[in-house]
Amino acid sequence: MKETPLSNCERRFLLRAIEEKKRLDGRQTYDYRNIKISFGTDYGCCIVELGKTRVLGQVSCELVSPKLNRATEGILFFNLELSQMAAPAFEPGRQSDLLVKLNRLLERCLRNSKCIDTESLCVVAGEKVWQIRVDLHLLNHDGNIIDAASIAAIVALCHFRRPDVSVQGDEVTLYTLEERDPVPLSIHHMPICVSFAFFQQGTYLLVDPNEREERVMDGLLVIAMNKHREICTIQSSGGIMLLKDQVLRCSKIAGVKVAEITELIQKALENDQKVRKEGGKFGFAESIANQRITAFRMEKAPVDTSDVEEKAEEIISEAEPPSEVVSKPVLWTPGTAQIGEGIENSWGDLEDSEKEDEDEGGSDEAIILDSIKMDTGEVSNIGSQDAPIVLSDSEEEEMIILEPDKNPKKIRTQTISATQVKAPSKKPVKKRKKKRAAN
Amino acid sequence: MEGTMQTETTIRAESGIESGPRGPSCSLRHFACEQNLLSRPDGSASFLQGDTSVLAGVYGPAEVKVSKEIFNKATLEVTLRPKIGLPGVAEKSRERLIRNTCEAVVLGALHPRTSITVVLQVVSDAGSLLACCLNAACMALVDAGVPMRALFCGVTCALDSDGTLLLDPTAKQEKEARAVLTFALDSVERKLLMSTTKGLYSDAELQQCLAAAQAASQHVFRFYRESLQRRYSKS
């Protein structure tokens with residue numbers, strides 16, 4: 001689905017508003033939207049909401065062999081996915097320019113700033129190291145993906161606990177969550193990206209642009225910084241010329257914003273840890289705002305299953321005896337065997353035209369089709385008129401012959417012989433074929 | 001008062017990392033649902049069953065690619081995204097099951113030559129994931145206002161090694177179970193829309209599971225009804 005284009009008057013309106021120091025959502029120039037951080041039940045799982053932009057982060061780990069040139073370092077892997085859920089224009093499984101740019105920026109912000117101690121992820125030098133994988137999913141796109149993603153990534157990393165390992169000689173023991181408390185990653189600092197949007201060739205500046213503002217901006221400056229005011233990465237895109245003062249001013253604003261966000265993150269992490277320690281409720285179920293009219297919850301509901309057995313017996317007793325199934329594989333010719341009822345696979349969408357082709361494709365197929373219809377019982381009998389053999393009469397009689405107390409194999413031979421006796425003139429070979437197919 | 005206290009403690013045990021057995025009687029875990037929580041999709045819902053959580057977004061009826069256009073009905077697409085890594089065969093198979101279920105109830109003929117896209121994101125998997133996906137998809141379709149013949153819900157049953165029937169199993173119970181059966185049922189006739197099973201079971205057990213799923217579906221549909229009543233209430 002294509003992105004709805006922004007009309008000229010919308011564009012003009014937005015730009016005019018920015019010139020008048022007004023923003024569509026009522027924020028001031030340097031205001032961030034509200035940030036909400038919620039954690040899942042698993043370690044290393046969080047959802048970060050920046051206004052309406054929403055990112056799901058999940059950290060996972062795996063023991064792998066290290067890279068040859070870095071034998072004592074663990075591996076960090078970042079992957080941001082732009083799901084179609086976030087915006088209709090995002091196509092699944094396509095590496096768009098935006099996605100590549102965002103992934104690269106995230107890597108530079110988090111891996112190249114050495115915020116995670118990769119040497120502590122080494123288990124046996126040159127043989128076993130931890131690979132930490134950070135998966136980020138954009139759930140809703142309302143602008144400023146990179147800030148939300150960088151917050152989600154660092155929060156998920158801080159929240160994550162890896163299983164404990166011990167090394168004795170050559171033996172590496174991995175402990176489960178029950179055996180030993182998992183250990184957190186050692187994180188040196190928390191880099192956070194702050195985005196600045198520039199309008200009218202850098203005359204106007206906005207912090208944390210939303211989706212509409214991103215569409216009319218001329219250029220973007222992203223500064224990744226930690227709370228010690230150390231710049232981790234800086235990137236200017238859109239091809240605007242910035243003055244030295246502008247960049248310095250931006251870095252000052254970034255410092256303030258990063259300090260605020262870091263405090264918020266630490267508070268959220270502490271809260272979650274406290275709740276977990278006290279054995280209280282945690283997980284996403286708790287973060288659903290209960291007072292919202294769109295949200296609803298139901299406590300554990302017992303289901304009365306006492307009458308289930310009677311019901312099942314009733315249904316089984318009422319039901320017709322099941323058609324005989326070829327439970328043992330039948331070897332037709334060397335290399336061709338059959339098991340099951342011989343009904344065609346209904347998976348895969350057959351186009352109508354293809355189905356028609358099959359109808360015409362000789363009497364064998366017609367018989368198979370017919371037998372499917374017999375099996376399903378209630379399906380209308382269209383198509384059987386074209387079938388070369390009248391099947392319905394003999395089928396009924398066979399049903400009478402089928403008796404539940406006889407063993408299935410015997411029955412089959414019996415039915416076959418019965419049909420042969422009853423209808424000797426009606427192409428006996430094909431008849432047998434049909435029976436097998438139906439069985 | 002005492003009653004509420006009791007539920008409180010049981011929930012507390014439940015919301016931890018899947019601790020403790022749930023007793024011999026069959027029960028569904030606690031349910032929660034939030035609709036319309038994403039701004040971009042036409043309809044969205046987050047559905048929680050115990051610790052299992054799925055987020056669903058629906059776009060549609062919308063423009064369709066010419067190659068996917070069907071002249072007399074809407075093209076229904078379902079994408080399921082795992083939390084870790086790229087979607088694999090398991091996701092494709094689930095997508096197909098969910099798509100076929102949706103196709104059975106969505107009145108696509110009312111919107112020919114359009115697309116209805118359902119995007120599902122696994123937020124956490126703690127058992128009965130497919131059932132939760134189905135429920136989330138249904139609530140998101142309702143939120144998007146896609147016309148449907150009936151609502152549908154997913155119910156997962158597990159059969160223990162000794163033949164005990166469990167409803168809405170946790171991940172651990174699913175792992176230990178002899179057979180896991182997932183059904184999709186419609187709300188009007190409580191008839192089966194889809195079933196997928198894993199493991200060994202007799203036909204009597206299948207019917208038992210189906211009957212239990214039908215009983216459980218009443219609770220799910222009541223939950224749907226109450227949550228929608230709340231949503232469209234005036235207060």
Side-chain angles (χ1 to χ4, degrees), chain A residues 1-2 40-42 45 47 52 54 56 58 60 79 81 83-88 92-93 133 135 137 139-142 177 211 276 279-286 288-290 292-305 307-316 319 322 347, chain B residues 7 10-12 14-17 25-41 44 46 48 51 53 55-57 59 62-63 79 81 83-85 96 115 117 119 121 123-124 126 165 167 203-212 215-216 219 223 226-227 230-231 233:
Chain A
M1 215 157 49
K2 281 186 208 113
T41 39
D42 308 338
C45 179
I47 289 184
K52 282 177 185 159
R54 210 181 260 248
L56 167 72
Q58 170 71 57
S60 49
N79 183 34
E81 296 260 352
S83 159
Q84 211 191 355
M85 194 189 283
R133 188 190 164 99
D135 279 286
H137 297 273
L139 304 176
N140 197 40
H141 174 32
D142 192 35
L177 292 179
E211 201 250 347
R276 272 168 202 265
K281 299 184 211 175
F282 57 90
F284 290 126
E286 298 316 307
I288 285 190
N290 225 358
R292 252 188 226 166
I293 204 165
T294 50
F296 187 70
R297 46 194 306 166
M298 180 178 81
E299 295 307 349
K300 219 170 96 169
V303 179
D304 183 24
T305 50
D307 61 335
V308 160
E309 277 177 40
E310 290 106 72
K311 239 189 209 172
E313 272 169 29
E314 209 177 289
I315 292 167
I316 290 168
W347 278 58
Chain B
T7 52
T10 47
I11 297 297
R12 192 161 285 191
E14 206 56 40
S15 61
I17 301 172
S25 64
C26 276
S27 67
L28 299 170
R29 291 176 287 182
H30 63 267
F31 277 33
C33 174
E34 187 177 357
Q35 280 188 312
N36 206 2
L37 70 166
L38 304 179
S39 68
R40 293 301 291 269
S44 56
S46 147
L48 289 104
D51 287 344
S53 166
L55 188 66
Y59 288 99
E63 182 194 340
T79 18
R81 307 188 64 86
K83 194 153 71 149
I84 298 167
R96 169 72 72 161
S115 79
T117 314
V119 191
Q121 171 73 54
V123 176
S124 65
L165 199 152
L167 278 170
D203 51 350
E205 281 171 329
L206 171 71
Q207 294 295 347
Q208 280 176 20
C209 287
L210 194 54
H219 287 266
F223 172 76
E226 280 171 18
S227 84
R230 179 184 159 102
R231 187 168 164 205
S233 64

Side chain from CB out, backbone as N, CA, C, O: work out which of these in [X] comes under 4.5 Å of a heavy atom of chain A, or both, or neither.
X: B:S44; result: neither
X: B:L37; result: both
X: B:L48; result: side chain

Could you tell me the separation between the [atom1] atom of [X] and the [atom2] atom of [Y], rounded to the nearest 0.5 Å?
X: B:E205; Y: A:E309; atom1: CD; atom2: CD; value: 9.5 Å
X: B:E34; Y: A:T294; atom1: CD; atom2: OG1; value: 4.5 Å
X: B:L28; Y: A:E299; atom1: CG; atom2: CD; value: 12.5 Å
X: A:M85; Y: B:Y59; atom1: CE; atom2: OH; value: 8.5 Å
X: B:K83; Y: A:S60; atom1: NZ; atom2: OG; value: 9.5 Å
X: A:E310; Y: B:Q208; atom1: CD; atom2: CD; value: 9.5 Å

Heavy-atom pair of closest approach, residues [X] and [Y]:
X: B:S27; Y: A:P302; result: CB-CA, 3.7 Å
X: A:V303; Y: B:A212; result: CG1-O, 4.5 Å
X: B:R230; Y: A:F296; result: CD-CD1, 3.5 Å
X: A:S83; Y: B:V119; result: OG-CG1, 3.7 Å
X: B:G85; Y: A:R133; result: CA-NH2, 3.3 Å

Between B:S39 and A:N140, do the side chains contain an N or O donor and an N or O acceptor separated by less than 3.5 Å?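 B:S39 vs A:N140: donor-acceptor pair found between side chains.
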If we define contacts as heavy-atom pairs under 4.5 Å, which of A:Q84, A:H137, A:K311 has the most with chain B?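 Ranked by heavy-atom pairs under 4.5 Å with chain B, first place is A:H137.
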Check whether any side-chain heavy atom of A:P92 lies under 4.5 Å from a side-chain heavy atom of B:R81, and answer yes or no.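 A side-chain contact under 4.5 Å exists here.
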Contact part of A:E211 toward chain B, heavy-atom cut-off under 4.5 Å: side chain, backbone, both or neither?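 Answer is side chain: those atoms of A:E211 sit under 4.5 Å from chain B.
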Under 4.5 Å from any heavy atom of chain B - which part of A:L139: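 Both the backbone and the side chain of A:L139 come within 4.5 Å of chain B.
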So which residue, B:R40, B:Q35, B:Q207, ends up with the most heavy-atom pairs under 4.5 Å with chain A?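 When all of B:R40, B:Q35, B:Q207 are compared, B:R40 has the most.
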